[in-house]
Student: 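Here it is: the structure, laid out below.
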There are 4 protein chains.
Amino acid sequence: MRTSDKYRKIIAAAVEVFAEKGFFKARISDIAGRAGVADGTIYLYFNNKYDILISLFEKEIGKIIIKVKKRLDQEKDPRRMLEIFVAQHLEMVQKQKSLAEVLQMELRQSNKFMREYRNTKFIEYINIISTIIHKGQKMKIFRPEIKPGIAKRMIFGAIDECARLWVLNPNSTYDIDETAAQVSYIFLAGMNQP
Amino acid sequence: MRTSDKYRKIIAAAVEVFAEKGFFKARISDIAGRAGVADGTIYLYFNNKYDILISLFEKEIGKIIIKVKKRLDQEKDPRRMLEIFVAQHLEMVQKQKSLAEVLQMELRQSNKFMREYRNTKFIEYINIISTIIHKGQKMKIFRPEIKPGIAKRMIFGAIDECARLWVLNPNSTYDIDETAAQVSYIFLAGMNQP
Amino acid sequence: MRTSDKYRKIIAAAVEVFAEKGFFKARISDIAGRAGVADGTIYLYFNNKYDILISLFEKEIGKIIIKVKKRLDQEKDPRRMLEIFVAQHLEMVQKQKSLAEVLQMELRQSNKFMREYRNTKFIEYINIISTIIHKGQKMKIFRPEIKPGIAKRMIFGAIDECARLWVLNPNSTYDIDETAAQVSYIFLAGMNQP
Amino acid sequence: MRTSDKYRKIIAAAVEVFAEKGFFKARISDIAGRAGVADGTIYLYFNNKYDILISLFEKEIGKIIIKVKKRLDQEKDPRRMLEIFVAQHLEMVQKQKSLAEVLQMELRQSNKFMREYRNTKFIEYINIISTIIHKGQKMKIFRPEIKPGIAKRMIFGAIDECARLWVLNPNSTYDIDETAAQVSYIFLAGMNQP
DNA sequence: TATGAATGAGACTTCATTCAT
DNA sequence: AATGAATGAAGTCTCATTCAT
């Protein structure tokens, strides 16, 4: 169908352009040009420039959530689950560098210019972490003093900041596996019930 | 001196305005208005809008670095040093919410529109963490497998993401002491040489 | 016939939309939507947006002319004829408020953007008035000093301006009969051969 | 002073451009160009395009009101006053053709796109007529049956429609004095207490 | 005939920056 | 040093019109 085709093309183009220039410096005509559509066509699929950003975010985070949840469903051990989450996130960052860059910025920015926007998708995403921690605590694997509400943010922040390295500086010293290993290692050791 | 007075006033105004609106939505006239100077006056102290942001960043991060280094100099134990770093950062975020907000965004954004800008001040700041870790490893307090280059980013990312909560949502569930305690606890446990 | 059915539907929709929004703010898609046809369909019946306006004008004024001429044909007394003209015009305004509104604006506007358009239908309409006056002068009922070319415009302008009241402010102080009576009264007294 | 100078220049340019093209076809850049200022400068003096129109209207009608009231103050006879009003209006139309054109359009249009705008200046202007009629009725010069509220609109409409002739068709058959004479004649005869 | 997705020119408005005072 | 009026480039969004289906 032509419709969803253009929608997808525009989203894909927007991811690249936003990643390259940032939201504010990106021009609608850049996105349109890269998507191979006319400027006006964008407005058949999105209400405005912000709407592209929001839609993009929700759609892509949604896909990531589905994917990671599917993989986690096959696991029982919360330690292994955390490893998977970390690895998958970093993998995603490497495979979809542009997307990662956009999501990172957006997370910090969208609330600046869209006060009303409640980022529920993101909350759903990081709540995956707290769910894992919770489970680990029930199984007496993770210490009960750990507060999942704080730890989930710590873990996400740690991964995200590491990821920022590659995004900015693609040929960094540390590779993905090394990073994933360190992150998992430190947090598992940090939360482990001795 | 009157000159530096205006300089300081402009920086202070810029911090607030950038925090409120974000860099791109902030207008020079907003900053000028809040600083109590004419629009044109800003250009006597700064080359352009970006320059305000960069100057602000360097100046303020510089102050933070000096402050935290001074406190850390009085400590020997790397564990205690890490606790101090974490606590001090979170404290700064709470006391200077606007500044924290700007620094957070800027960190993710500045490279987007100023490819050439090398954020040396920020690097200096997070290198404080790796120095602590290094020291801890030498003293056989932290495990040797920990890579300070990765861990420094993890720790900074973790703190920063927790801080983002208050900035967005000032009356959050977790208070500063609780957060600082959790962060220190998990990372110390995670890096501790058993 | 289906064709003329759509044509009529579009005209009817255009009358309403133009009345509500004015010509320039009215969108083709508004008209299409209200007419229950696709945007593109409009261009099977009209050359462009202006053409709708012109066609509408000619068609509707044409109908009004036919109607008023038919009624006037049954009258001999030019005084009575003038009364009928006035009454009929005001009646039309009240019964077809949207149409009246469009005709009023269009009269003042169409020449602005279509310099070439010669509004012959309108001229035909107000010439009904001058014909009446002429007749009255021949019958020594109206004074010979009255210049039908000026008086016709005065009378039309007077009625039209009174009508504007209802269009803007439907629940005005004066009702249609009162207004018609006053207009007829003043003009007849003003033109009457003592 | 530079300020009011530009303000006046912009208004003057707007009058011409609106008269030539109509409000909607007029571009800000047309007005700016004719006023000899930059596009942006317009927004130092007006909030938006509509605001130019409204300001223009209020300012110019205001001037006309002041002028006509001053002349009427010197008269006692309401018949003479009406003559003066009519003559002055038509004179204004001829001397300031562009302005007249704009005022005419605006009167019919502004309510179309600015529902909230209450045209108080215009009301003040035509109330001059009703005041004259009232006075004439008190002096037993005009018939008591005349309703000033209707008659004022009739008279204004009549003048205005006659004026439209010149605006559209500058070399018309009837000149200003002839028109003024006819209008005064018919209305005075129509309202005269025999 | 009819559709409606797509086009792309065009306009309003903003705002960083300049410069005469 | 300071001002703030003026500039004008630039970008988002609208919408009349087209055309493949």
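Since this is a predicted model, take the numbers as computed values, not measurements. Residue numbers start from 1 in every chain, and the chains themselves are labelled A, B, ... in the order their sequence lines are given, proteins ahead of strands.
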Student: Given the rule in the ring pair (Phe, Tyr, Trp, His ring centres under 6.0 Å) test, do B/Phe46 and B/Tyr7 qualify, once you have shown the distances and angles that lead to the verdict?
Tutor: CA-CA 9 Å; B/Phe46 301 91; B/Tyr7 181 84; 5.0 Å; yes
Student: When you measure from the side chain of D/Ala38, which nucleotide among E/dG8, F/dG8, F/dA5 comes out closest?
Tutor: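 The nucleotide sitting nearest to the side chain is F/dG8.
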Student: Of the listed nucleotides (F/dA2, F/dA5, E/dA6), which one gets closest to any side-chain atom of A/Tyr45?
Tutor: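 Selected nucleotide (nearest to the side chain): E/dA6.
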Student: To the nearest Å, how far apart are B/Lys21 NZ and E/dT14 C1'?
Tutor: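 Taking NZ of B/Lys21 and C1' of E/dT14, I get 12 Å after rounding.
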Student: Under the side-chain contact (heavy atoms from CB on, under 4.5 Å) rule, collect the residues that match up with B/Lys63, sequence neighbours excluded.
Tutor: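 side-chain contact (heavy atoms from CB on, under 4.5 Å) list for B/Lys63, sorted by chain: B/Glu60.
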Student: Please determine whether a side-chain nitrogen of the Lys or Arg among C/Arg164 and C/Asp160 lies less than 4.0 Å from a carboxylate oxygen of the Asp or Glu.
Tutor: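 No salt bridge links C/Arg164 with C/Asp160.
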Student: Only Watson-Crick and G-U wobble pairs with both distances less than 3.5 Å should count. Give DNA chain E in dot-bracket notation, marking inter-strand partners with |.
Tutor: .||||||||||||||||||||
Student: Tell me whether the NZ or CZ atom of A/Lys49 lies within the 45° cone about the ring axis of A/Phe23 and under 6.0 Å from its centre.
Tutor: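 Yes, A/Lys49 and A/Phe23 form such a contact.
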Student: With a 4.0 Å cutoff (strictly under), does any side-chain N or O of A/Lys6 reach OP1 or OP2 of E/dA6?
Tutor: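 Affirmative; the distance criterion is met.
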Student: Rounding to a whole Å, what distance do you find between A/Leu44:CG and E/dG4:P?
Tutor: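 Going from CG in A/Leu44 over to P in E/dG4 covers 13 Å.
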Student: Which nucleotide wins on minimum distance to the side chain of C/Thr41, given the candidates E/dT7, E/dT3, F/dA5?
Tutor: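 When the side chain of C/Thr41 is considered, E/dT3 is the closest of E/dT7, E/dT3, F/dA5.
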Student: List in chain and number order the residues that pass side chain to side chain donor-acceptor pair (under 3.5 Å) with C/Asp39, two or more places apart in sequence or in another chain; answer none if no residue qualifies.
Tutor: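 So C/Asp39 forms no side chain to side chain donor-acceptor pair (under 3.5 Å) with any residue.
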Student: Between atom CD1 in C/Ile31 and atom P in E/dG4, what is the gap in whole Å?
Tutor: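 From C/Ile31 CD1 to E/dG4 P: 17 Å.
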Student: How would you list, by chain and number, every residue that makes a side chain to side chain donor-acceptor pair (under 3.5 Å) with D/Gln96, sequence neighbours excluded?
Tutor: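 Scan of D/Gln96 (side chain to side chain donor-acceptor pair (under 3.5 Å), adjacent residues dropped) gives none.
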Student: Please give, in whole Å, the distance from E/dA2 P to C/Phe46 CZ?
Tutor: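 Value for this atom pair: 12 Å.
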Student: Is the shortest distance from a Lys or Arg side-chain nitrogen in A/Arg34 or A/Asp30 to a carboxylate oxygen in the other one below 4.0 Å?
Tutor: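 So A/Arg34 does not pair with A/Asp30 through a salt bridge.
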Student: Which residues pass the side chain to side chain donor-acceptor pair (under 3.5 Å) test with B/Tyr43, sequence neighbours left out?
Tutor: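 Testing B/Tyr43 for side chain to side chain donor-acceptor pair (under 3.5 Å), a comparison that skips the adjacent residues, returns none.
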Student: Sort me out a list of protein N/O and nucleotides 9-13 of chain F N/O pairs below 3.5 Å, or just none if empty.
Tutor:
from   : atom 1 : to      : atom 2 : distance (Å)
F/dT12 : OP1    : A/Ala26 : O      : 3.2
F/dT12 : OP1    : A/Lys49 : NZ     : 3.1
F/dT12 : OP2    : A/Ile28 : N      : 3.0
F/dC13 : OP2    : A/Tyr43 : OH     : 2.7
F/dC13 : OP2    : A/Lys49 : N      : 3.0

Student: Nearest whole Å is fine: how far is E/dA2 P from C/Tyr7 OH?
Tutor: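 C/Tyr7 atom OH is separated from E/dA2 atom P by 15 Å.
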Student: Tell me the interatomic distance from D/Ile42, atom CD1, to F/dA6, atom C1', rounded to whole angstroms.
Tutor: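 The distance from CD1 of D/Ile42 to C1' of F/dA6 comes to 13 Å, rounded to the nearest Å.
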Student: Do the side chains of C/Val93 and C/Leu103 get nearer than 4.5 Å, heavy atoms only?
Tutor: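 No - every pair of side-chain heavy atoms lies 4.5 Å or more apart.
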Student: Give the rounded distance in Å between these two atoms: CD1 of D/Ile52 and P of E/dA11.
Tutor: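 Taking CD1 of D/Ile52 and P of E/dA11, I get 15 Å after rounding.
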